[in-house]
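Here the structure is a predicted model, which means the values were calculated and not measured. Note: hydrogens, waters and symmetry copies are ignored here, and every other heavy atom, side chains too, is used.
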Amino acid sequence: MEDTKELEFADIGTVNCHDHICLIYHGEGEIYHPVFPFIQKGVAIGERCIYLYGSEDRLERLLQNAVSSQQEDSGALILFPLEDFWHKDGVFKQERVLKLLHKLCAAAIDDGFSGTRVICDMGWAALEPKRQELLQRIERELTAFASQNDVTLLCLYNRELFPDETILELAKLHPQVIVGGRTCSNPFYFPAASDRRIRGARCELDVFMATAQRMTTLLAESDRLKQELEQAYGALARKIYENWQEEDSLRANEKEMQEKDEALLEHKRKLQTILQHIPAMLMAFDSGDRLAACNHEFERVTGFRVEEVIGKPMLELLHVEGEQREEVVSAHPRDGGDYRGREWSLRCRDGSVKTVAWSNISRYVPIRGWSNWIVGLDVSAKLHAENALKGLHDELEARNAELEAFGKAVSHDLSGRLARIGEDCREMQKLYGSDLSTPCRELLQKVGVAALELAGPIAALQRLTALAAAGLQPEEVDLSAMASEIAEKLSDTVARPVTFRIEDGVTVTGDREMLRLAMEQLLENAFNCTVGVKHPVIKFGTAQVKGERSFYVSDNGPRPGEQPGKGIVGKAEGQERISSGIGLATVQRIINLHRGRFWCADQTGRGGTLYFQF
């Protein structure tokens, strides 16, 4: 038994009620595909389908199978054999056929169907020429019948059974035809008219004109579609080219992004390597203040391995107590901290505690997964050194105080004893001067002069001790004016003429009283060195020494080359340092307090020049 479900059918287009359709077929394939969709659509919309047998045996068998498979009470598909419809009692009668069609359509409405679809197989008229002549009349009647009833008619013509000219004339009587499997209007359809000759000519002309007009329209439409297709092809080509360019651009961007990703990954690896090996401890904490990461410096300083401390709370790693615990917690909010140089102790694996200076910039440099990340430097050794240095500083201050007290006592004692020696010498000359020999009187006079000369440096030493105890009081000092005052005072003390050449406008910043004491000692030293010189000259001014401004005091008196064993000894880098004499030692101390330098130029046989800088 054959099954209609094995056949696949296409859509035949729109089929309406009152349509009278013609299907001209050649072979099984050209009849099955239009007929079965015609029936299926009718059943689907609630219409009854009636097939009137003609000549197609296989189609009849397929429809018989369809009828036997449907429910008995449905009645959606009814088959009429050739003898029951077309050839009742072996004779074709048009009135009987139309009357039976009326009856079938009325019965379908009474049975609840919305309409009727009738498939008329016209193969019954192919065997007799007289029956073929009846077809034109019955087709016109069927067209009128379809227009007056809720029925759709599909007439089937097999080209193998009818002559072509007969089928052509019959096709012109159907308002619709099926061509290429689709239902369409029949351009050669001739409506009925009173005068058949006039009607035929008029209809042929109308069909010709309509067909010509349609062909013209179709050609114009074809040209328009061709232009649109060419434009579409051009647009498609441009779009394809643009897509190619976009693909090239996307590939280039993808390659660039890949290179950037690789560079970023390499940069990330470098940063991780740097963080692991920087000479500073790194500790990173999650949102629960638990250790999430640490570096090699942390392991080296504390002795812990990473796996031993990961996940431990912050307060368990840091050695803080009391208020410091609250300080540590408040300094590490979840959005990142911001502090520098907070000193908190850190526990080590051996039980020791080290002081670390911690810094946190995670608020400004956030890292995903690290709520806070801090870096620290071990300052334990620095603190120990600072404590030791502080102890040494305190000890040095104590010793300096002792030295100042000792110097004050020594200078006080020396000045007192020198005063007594001078008084004793004067008293001895007054009482016994006439009795003493000339050498004794000269020796006694020299002792008095030496005591008087030594009193000045000792007094200067006392002044320096007092000034050093009071500390430096920096201000702008005019050394030129100060040197002029001291030179005028020295010139008034003795009757011998001394020429002073003092540069104008020499100013420095320093302690006024200490600088005055230093200038007094320098000028007095130069003044004393010119004793016995025929034309003594003392100079004060500035000079460039190795690119730096320096101050100098020079004279043309004799120096160690002429008076061996006195004054200045020792050389360094072509310059001689001051190493003897209380007055010059006082100057050296004052210059040192001002963080300067004091030295002597080598001018043996040509006088002496003392330099100093601030």
Side chains of [X] and [Y]: is there a donor and an acceptor less than 3.5 Å apart?
X    : Y    : answer
H174 : E139 : yes
D338 : Y364 : yes
T143 : H20  : yes
R549 : Q544 : no

Open item on the list: I78 vs Y51, test: side-chain contact (heavy atoms from CB on, under 4.5 Å). Steps then yes/no.
Closed with: CA-CA 6 Å; I78 299 176; Y51 178 71; over 6 Å; no
So, the side chain of [X] versus the backbone of [Y]: is there a donor-acceptor pair under 3.5 Å, distance only?
X    : Y    : answer
S371 : S287 : yes
N149 : V151 : no
S330 : E326 : yes
N186 : A171 : yes
T183 : I12  : yes
E30  : H26  : yes
S380 : T355 : yes
D19  : N16  : yes
N295 : L275 : yes
S352 : C348 : no

Ring centroids only, cut at 6.0 angstrom: are [X] and [Y] within range, meaning strictly under it?
X    : Y    : answer
Y339 : W344 : yes
F38  : F36  : no
H102 : F145 : yes

Quick one: pull up [atom1] in [X] and [atom2] in [Y] and give me the separation to the nearest 0.5 Å.
X    : Y    : atom1 : atom2 : value
M283 : L318 : CE    : CG    : 5.5 Å
E230 : D223 : CD    : CG    : 10.0 Å
L317 : S345 : CG    : OG    : 13.0 Å
Y157 : C120 : OH    : SG    : 8.5 Å
H319 : L346 : NE2   : CG    : 10.5 Å
R349 : F304 : CZ    : CZ    : 7.0 Å

Grab the two heavy atoms, one from [X] and one from [Y], that are nearest each other, plus how far apart they are.
X    : Y    : value
W370 : A284 : CD2-CB, 3.3 Å
L282 : F298 : O-CB, 4.3 Å
V15  : R117 : O-NH2, 4.0 Å
G341 : S359 : N-OG, 3.3 Å
H18  : A146 : ND1-O, 2.9 Å
S147 : A144 : OG-O, 2.7 Å

With a cut-off of 6.0 Å (strictly less than), are more than 12 heavy atoms of other residues, nucleotides or ligands near [atom1] of [X]?
X    : atom1 : result
K312 : NZ    : yes
R363 : CZ    : yes
Q245 : CD    : yes
R595 : CZ    : no
E228 : CD    : yes

- [ ] Quickly, which of H267, E262, R269 forms a side chain to side chain contact (heavy atoms under 4.5 Å, CB included) with L265? Name it, please.
- [x]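 Only one of H267, E262, R269 forms a side chain to side chain contact (heavy atoms under 4.5 Å, CB included) with L265, namely R269.
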Task: Criterion side-chain contact (heavy atoms from CB on, under 4.5 Å) on V328 and L315, from CA distance to verdict - done: CA-CA 8 Å; V328 169; L315 295 177; 4.0 Å; yes
Would a 4.5 Å heavy-atom cut-off, applied to side chains only, mark [X] and [Y] as touching?
X    : Y    : answer
I278 : H296 : no
D111 : R48  : yes
V118 : L154 : no
I138 : L98  : yes
W373 : I361 : yes
V35  : L156 : yes
L142 : C155 : yes
K41  : E47  : no

Hey, are [X] and [Y] close enough for a salt bridge, meaning a charged N less than 4.0 Å from a carboxylate O?
X    : Y    : answer
R305 : E307 : yes
R347 : E316 : no
K260 : E256 : yes

TODO: Applying side-chain contact (heavy atoms from CB on, under 4.5 Å), run through Y53 and L79 and close with a yes or a no.
DONE: CA-CA 7 Å; Y53 285 8; L79 306 180; 3.4 Å; yes
Task: T116 and I50: CA distance, side-chain angles, deciding distance, side-chain contact (heavy atoms from CB on, under 4.5 Å) verdict - done: CA-CA 7 Å; T116 308; I50 301 173; 3.8 Å; yes
Task: side chain to side chain donor-acceptor pair (under 3.5 Å) assessment of N360 paired with N372 - done: CA-CA 7 Å; N360 187 347; N372 284 277; 3.0 Å; yes
TODO: Using the salt bridge (charged side-chain N to carboxylate O under 4.0 Å, His left out) rule, take D248 and R251 through it: C-alpha gap first, then chi angles, then the decisive distance, then the call.
DONE: CA-CA 5 Å; D248 293 341; R251 281 194 291 269; 2.3 Å; yes
Open item on the list: Between E548 and K546, is the salt bridge (charged side-chain N to carboxylate O under 4.0 Å, His left out) condition met? List the steps.
Closed with: CA-CA 6 Å; E548 296 183 4; K546 293 185 178 181; over 6 Å; no
